[in-house]
Amino acid sequence: MEDYFEIFRLNMKFYREQRKMSQSQLAIGADCTNGLIGQIEAGTTKPSFDRIINIAAALKIHPADLFLRNASTTVANTKEILREKLLPQIETFIEREL
């Protein structure tokens with residue numbers, strides 16, 4: 001079984017650094033202490049569900065992205081591909097066959 005906490009903490013740090021945020025800035029945005037953010041990133045404390053939501057909001061990402069990097073982007077891209085590529089083919093098929 002995958003270690004979801006390990007993935008979470010690495011993704012949290014990735015997005016924090018990508019946004020050039022310090023642990024203190026993330027803590028302020030997530031309404032928690034700097035120490036808690038440090039403990040989460042160090043792997044010594046696991047966040048609650050509400051804290052995960054607050055961290056994601058502070059990072060301006062979907063909470064799923066903390067468990068599967070770019071999950072929300074991947075879903076959006078998949079939907080766009082389906083709309084652009086598959087729908088026209090379905091419409092053509094319907095017109096031809098019906």
Side-chain angles (χ1 to χ4, degrees):
M1 184 169 156
E2 290 192 56
D3 186 353
Y4 293 108
F5 176 61
E6 181 72 7
I7 293 167
F8 173 88
R9 72 180 196 85
L10 292 173
N11 285 340
M12 185 180 88
K13 185 175 182 180
F14 168 81
Y15 285 112
R16 180 181 63 75
E17 290 177 344
Q18 185 182 54
R19 282 151 180 73
K20 298 181 177 17
M21 294 174 79
S22 67
Q23 288 182 346
S24 295
Q25 290 169 317
L26 178 55
I28 290 167
D31 192 30
C32 64
T33 66
N34 183 35
L36 180 62
I37 297 298
Q39 291 170 341
I40 293 169
E41 286 189 4
T44 59
T45 299
K46 295 179 181 175
S48 68
F49 180 78
D50 289 339
R51 185 68 55 215
I52 291 168
I53 301 302
N54 290 349
I55 289 169
L59 293 169
K60 296 181 172 54
I61 60 173
H62 191 282
D65 292 331
L66 290 167
F67 294 94
L68 180 62
R69 197 173 296 171
N70 297 318
S72 60
T73 302
T74 302
V75 168
N77 287 345
T78 301
K79 286 181 180 179
E80 188 61 30
I81 289 168
L82 290 174
R83 271 190 221 102
E84 289 179 3
K85 306 261 184 200
L86 193 56
L87 277 178
Q89 290 177 17
I90 292 171
E91 289 171 354
T92 301
F93 174 80
I94 291 170
E95 288 300 318
R96 210 177 35 225
E97 297 298 321
L98 301 175

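When a residue number appears, it is its place in the shown sequence, counting from 1.
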Practice task
Kindly say whether Q39 contributes a backbone atom to a donor-acceptor pair with the side chain of T44 at under 3.5 angstrom?
Solution key: yes
Exercise for the section: State, with a plain yes or no, whether a side-chain heavy atom of I55 is found less than 4.5 Å away from one of R16. Expected result: no
Practice task
With the side chain counted from C-beta on, respond yes when L59 and L66 share a heavy-atom pair under 4.5 Å apart, and no when they do not.
Solution key: yes
Handout entry: Straight-line distance of I90 CD1 to E95 CD, nearest 0.5 Å
Key = 13.0 Å
Practice task
Locate the shortest heavy-atom distance separating Y15 from D65; write the atom from each residue and the value.
Solution key: CE1-O, 3.4 Å
Handout entry: Sub-4.5 Å side-chain heavy-atom contact between R19 and I61
Key = yes
Exercise for the section: Taking all non-hydrogen atoms of both residues into account, name the closest pair between K20 and Q25 and its distance. Expected result: O-OE1, 3.7 Å
Practice task
Calculate, to the nearest 0.5 Å, the distance between atoms CD and CD belonging to E84 and Q89 respectively.
Solution key: 12.0 Å
Practice task
Kindly say whether T45 contributes a backbone atom to a donor-acceptor pair with the side chain of R9 at under 3.5 angstrom?
Solution key: no
Fill in the blank from the handout: On a heavy-atom basis, the closest approach of A58 and G29 is CB-C, 3.5 Å
Fill in the blank from the handout: Apart from L10 itself, its cluster of hydrophobic side chains linked below 4.5 Å comprises none
Problem - Exceeds 12 heavy-atom contacts within 6.0 angstrom, atom CD of Q18 - result: yes
Handout entry: I37 CD1 to S22 OG distance, which is reported to the nearest 0.5 Å
Key = 10.0 Å
Exercise for the section: Group every Ile, Leu, Val, Met, Phe, Trp and Tyr by side-chain heavy-atom contacts under 4.5 Å, then state whether F14 and F5 land in the same group. Expected result: yes
Fill in the blank from the handout: Minimal heavy-atom distance between A30 and R51, with the atoms involved, is O-NH1, 2.9 Å
Problem - Over all atoms of both residues, closest heavy-atom pair of P47 and I52 - result: CG-CG1, 3.7 Å
Problem - Distance, nearest 0.5 Å, that separates CD1 of I53 from NE2 of H62 - result: 8.0 Å
Exercise for the section: Is it possible for you to say whether L86 and I94 belong to one hydrophobic cluster, with membership spreading through side-chain heavy-atom contacts below 4.5 Å? Expected result: yes
Handout entry: Distance in Å, K13 NZ paired with M21 CE, rounded so as to fall on 0.5 Å steps
Key = 15.0 Å
